[in-house]
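In this chain, numbering begins with 1 at the start of the sequence shown. Source: prediction; values computed, not measured. Scope of the values below: all heavy atoms of this structure, side chains included, with no hydrogens, waters or symmetry mates.
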Amino acid sequence: MQVNRWPMALVLAAAFASAHASESDAAFNPAPSSFTPGMDFAAHRRADILVRQMTLDEKLQLIHSKYQMSDVPGGGAGFIQGVPRLGIPDLNMVDSATGSGSTSQPSTTFPATIGLAASWDRHLSYDFGARIASQLRAQGFGMGLGGGTNLAREPRGGRLFEYLGEDPVLAGEMLAARTVGTQNQKVIATIKHYVGNEQETGRMGGNSQIDERTLRELYLLPFEIAARTARPGSVMCSYNRVNGTYSCENPHVLTDVLKHDWGFEGQVQSDWGAAHSTAASINAGLDEEEDVGPTVYLTPDAVKQALANHQISQARLDDMVRRKLYVMIRTGVLDDPPKPAPIDFAAGRAFAQSAEEQSMVLLKNDNAQLPLTAAALQRIAVIGGHADAAVLTGGGSGNTRDPVSGNFAGCGGLTFGSATGCSWWTNPWLKLDVPIVKAIQALAPATQVSFAGNSDQTQPFRAYTQQEIDRAVALARQSDVAIVVVTQSSGEDFGELTSLALANPSNQDQLVEAVAQANPHTIVIVESGNPVLMPWKDSVSAIIEAWFPGEGGGQAIANVLFGKVNPSGKLPVTFPAHDQDTPTWGTDGTLPKDPVYAEKLNMGYRWYDAKNIAPLFEFGHGLSYTHFSYSDLDIRPGPDHSMTASFTVKNDGKVAGAEVPQVYLGVNYSGEPPKRLVGWQKVYLNPGEARHVRVSIPARFQSVWDTASNGWKFVPGSAVYVGASSRDIRLQSR
Ligand code: BGC
């Protein structure tokens with residue numbers, strides 16, 4: 001049976017009215033949805049009329065972008081020339097994962113999106129999209145390429161920091177919220193990389209072999225949720241092949257699934273250099289090629305030739321152009337193109353800090369080590385991670401190119417994989433005017449705050465010398481607490497991490513162990529885009545995962561350390577105890593360039609549950625400075641096989657805080673993992689406050705992909721689990 005029901009809450013932009021927006025953020029409160037059926041109809045009609053008025057050359061201009069970054073000052077990753085006689089403006093597009101990426105224009109550096117996913121906060125994701133889009137518009141960009149959502153199948157994945165974790169519903173709903181936030185600012189949102197692009201190994205054309213059920217239930221699902229509920233203007237097809245055929249000329253994923261099954265009305269654009277043919281791509285569903293040279297396929301000459309040879313039809317070419325125009329009209333970019341305007345960088349910084357504060361995950365906090373009380377501390381040691389100067393960001397197009405606060409003075413950034421050297425792409429250190437040490441000192445003015453570590457900015461990744469470790473240990477021994485910052489770099493085009501062990505600098509584990517031996521109050525802050533192995537977990541008293549924290553990171557980390565902010569993040573990805581425990585490790589960790597998704601549905605927490613492997617920290621885990629109790633689970637059937645889980649969450653601690661109650665289902669069907677996430681809420685509660693929480697579960701989330709009928713099949717009678725994490729289950733239906 002076909003079941004196609006989606007949570008309506010997501011469809012309505014109004015559902016994202018921001019609870020956290022300050023007065024000055026009023027502009028980010030969403031306007032009522034601009035996607036009303038009537039307006040849509042009008043946009044289609046207008047696009048049709050424009051297409052009829054265009055010459056062939058004008059049409060060909062709209063389906064092929066020029067690579068702009070080096071040609072035009074302030075340019076972005078791609079440029080589509082407009083048609084002024086018909087009122088069609090130029091369209092300039094830019095990377096936007098963590099701020100404006102592929103441009104020399106200054107931009108705020110926001111935290112990495114893996115951290116955004118860790119907030120589990122749809123409102124924040126909406127605001128994140130809106131905030132970045134407002135900067136894009138002010139820089140003259142009408143399209144943002146920041147909607148990365150490949151799933152964290154490979155925990156060592158080089159681009160994991162750009163994505164939204166390992167669960168398709170979490171990733172899809174967070175992406176949908178970001179997309180609505182972006183497009184409500186009149187910036188076209190791209191979601192990417194469609195599809196099966198879960199690793200960098202075999203980056204240009206590796207063949208991801210994924211069976212249809214696994215594709216539909218896992219890897220396509222975040223795209224489906226975002227495409228159906230938030231209607232992004234563009235879907236970017238990826239570099240890899242899917243079951244033998246390049247994504248950008250794969251008729252199954254582009255036409256059968258995206259355009260037919262999901263009714264996607266926007267355009268498909270290629271990743272930069274991901275097109276491999278003219279007619280085959282166009283006929284498979286590619287609508288626009290992004291030219292990065294030297295070999296290009298949708299050039300005016302090539303497309304004219306394909307028309308003349310009857311390899312493609314005029315109707316299909318018109319469809320490509322119509323889609324582009326429809327998206328420009330519907331998002332407002334056609335009638336109100338972006339114009340250069342001043343950017344409020346102070347507001348950007350404040351938002352970046354607040355986003356980071358909501359993204360950090362308190363992994364461990366023995367004996368209530370945190371929050372720190374300044375008055376009780378005479379000496380604080382801060383050690384390692386360049387905490388006196390900078391934070392880490394991710395490398396590649398997901399980085400911001402010219403952050404306001406400036407890159408680290410020296411280079412020598414990412415050195416593994418193919419690219420090395422000193423440039424925006426390879427240098428992920430972000431110099432802060434309020435680094436961690438300075439922010440801590442400001443919150444503890446009477447305390448002596450000292451730093452020990454590698455202060456050499458010309459070699460930011462070099463291993464700690466024995467002398468540096470000895471100094472750190474001596475400092476830790478004479479301090480009341482020792483805060484060690486460890487970092488793990490990763491980035492696009494650098495392959496995968498070889499292991500989840502901290503590697504760069506190579507001897508960070510020894511540093512932590514040595515400090516923990518010297519001081520029983522050792523706190524570790526992790527800056528990473530991937531899960532990290534922690535052989536020292538039991539020797540330290542507290543651990544915070546801060547991801548790549550962005551330019552407000554120094555202050556945000558200090559605020560969590562001192563309880564100005566109560567942490568509320570939850571892991572969007574499992575932290576395994578050993579490399580060997582991960583589903584993709586195989587015998588020796590070597591990744592094939594043509595991956596076979598042999599674990600099928602058992603990916604992420606589903607793998608650890610199915611195989612009964614205890615992770616270091618499980619999916620959904622995250623502590624708070626308060627605690628929450630759960631009670632009164634009630635399950636009610638709704639219309640069309642939907643159901644509602646309702647329960648009560650109470651803050652029974654002494655400080656205000658936010659909890660993320662997660663609803664999982666055990667779908668009783670062959671091949672299904674023990675549980676899958678089907679919904680959650682993030683609830684903010686004062687001490688003693690209780691809230692009745694309702695999570696509605698559409699029929700689709702209770703269904704499996706039935707390969708025999710090639711459709712969704714509803715499975716009745718799933719067990720319902722409500723928990724504070726995927727393994728800390730507090731309530732269950734039976
Ligand atoms: C990346 C895309 C990015 C594009 C444009 C490619 O290398 O894979 O994510 O949007 O470059 O910069």
Side-chain angles (χ1 to χ4, degrees), residues 111-120 151-161 163-167 170-171 198 359-366 392 394 484-490 496-504 508-509 512 523-549 567-585 589 599 602-624 660 662 673 675 677 723-728:
T113 47
I114 185 81
L116 181 64
S119 77
W120 295 61
L151 295 181
R153 168 178 187 263
E154 174 43 70
R156 293 172 289 155
R159 303 188 74 173
L160 225 70
F161 75 95
Y163 302 143
L164 298 161
E166 69 191 23
D167 182 81
L170 175 66
E198 276 70 40
S359 301
M360 268 180 267
V361 184
L362 180 60
L363 294 173
K364 170 175 177 168
N365 193 20
D366 279 4
L392 198 60
V484 188
V485 180
V486 296
T487 57
Q488 178 82 310
S489 55
S490 59
E496 266 66 57
L497 308 177
T498 46
S499 154
L500 295 176
L502 291 170
N504 212 3
Q508 294 180 90
D509 285 341
V512 177
I523 298 152
V524 179
I525 313 272
V526 185
E527 293 176 16
S528 75
N530 299 73
V532 166
L533 302 182
M534 303 179 181
W536 32 261
K537 178 190 152 200
D538 294 336
S539 328
V540 303
S541 52
I543 307 169
I544 294 173
E545 173 58 72
W547 314 108
F548 295 143
S568 61
K570 301 269 189 178
L571 289 180
V573 58
T574 305
F575 276 41
H578 316 98
D579 281 322
Q580 291 74 7
D581 294 346
T582 65
T584 48
W585 185 262
E599 72 289 347
N602 289 329
M603 188 270 287
Y605 59 91
R606 294 157 159 90
W607 167 264
Y608 298 88
D609 287 354
K611 303 284 172 193
N612 228 340
I613 301 171
L616 186 70
F617 295 110
E618 74 274 16
F619 175 84
H621 170 74
L623 304 173
S624 164
V660 181
Q662 301 152 40
K675 44 178 155 28
L677 180 78
S725 81
S726 61
R727 290 192 165 214
D728 183 5

Result block: side-chain N/O donor-acceptor pairs under 3.5 angstrom for residues 611-618, not counting sequence neighbours:
unit_1	atom_1	unit_2	atom_2	d
Glu618	OE2	Ser725	OG	2.5

### Message
Quick one: does any side-chain atom of Asn530 pair with a main-chain N or O of Gly157 as donor and acceptor, under 3.5 Å?
### Response
yes
### Contact summary for Asp509 and Pro535, nearest pair of heavy atoms
OD2-CG, 3.6 Å
### Query
If we ignore angles and hydrogens, is there a donor and acceptor under 3.5 Å between the side chains of Ser726 and Gln662?
no
### salt bridge (charged side-chain N to carboxylate O under 4.0 Å, His left out) against Lys537, all qualifying residues, sequence neighbours excluded
none
### Task
For Asp609, check salt bridge (charged side-chain N to carboxylate O under 4.0 Å, His left out) against everything at least two apart and list the hits.
Lys675, Arg727
### Task
Report yes or no: does Trp585 contribute a side-chain atom to a donor-acceptor pair with the main-chain N or O of Ser499 at less than 3.5 Å?
no
### Query
Judged by atom type as modelled, is there a donor-acceptor pair below 3.5 Å linking the side chain of Ser528 to the main-chain atoms of Phe548?
no
### Query
Which residues satisfy the ring pair (Phe, Tyr, Trp, His ring centres under 6.0 Å) test with Tyr605, sequence neighbours excluded?
Phe619, Tyr664
### side-chain contact (heavy atoms from CB on, under 4.5 Å) between Met534 and Val526, worked out
CA-CA 10 Å; Met534 303 179 181; Val526 185; 4.0 Å; yes
### Glu599: salt bridge (charged side-chain N to carboxylate O under 4.0 Å, His left out) partners, not counting sequence neighbours
Arg153
### Message
Checking Glu154 now: which residues fulfil salt bridge (charged side-chain N to carboxylate O under 4.0 Å, His left out) with it, not counting sequence neighbours?
### Response
Arg156
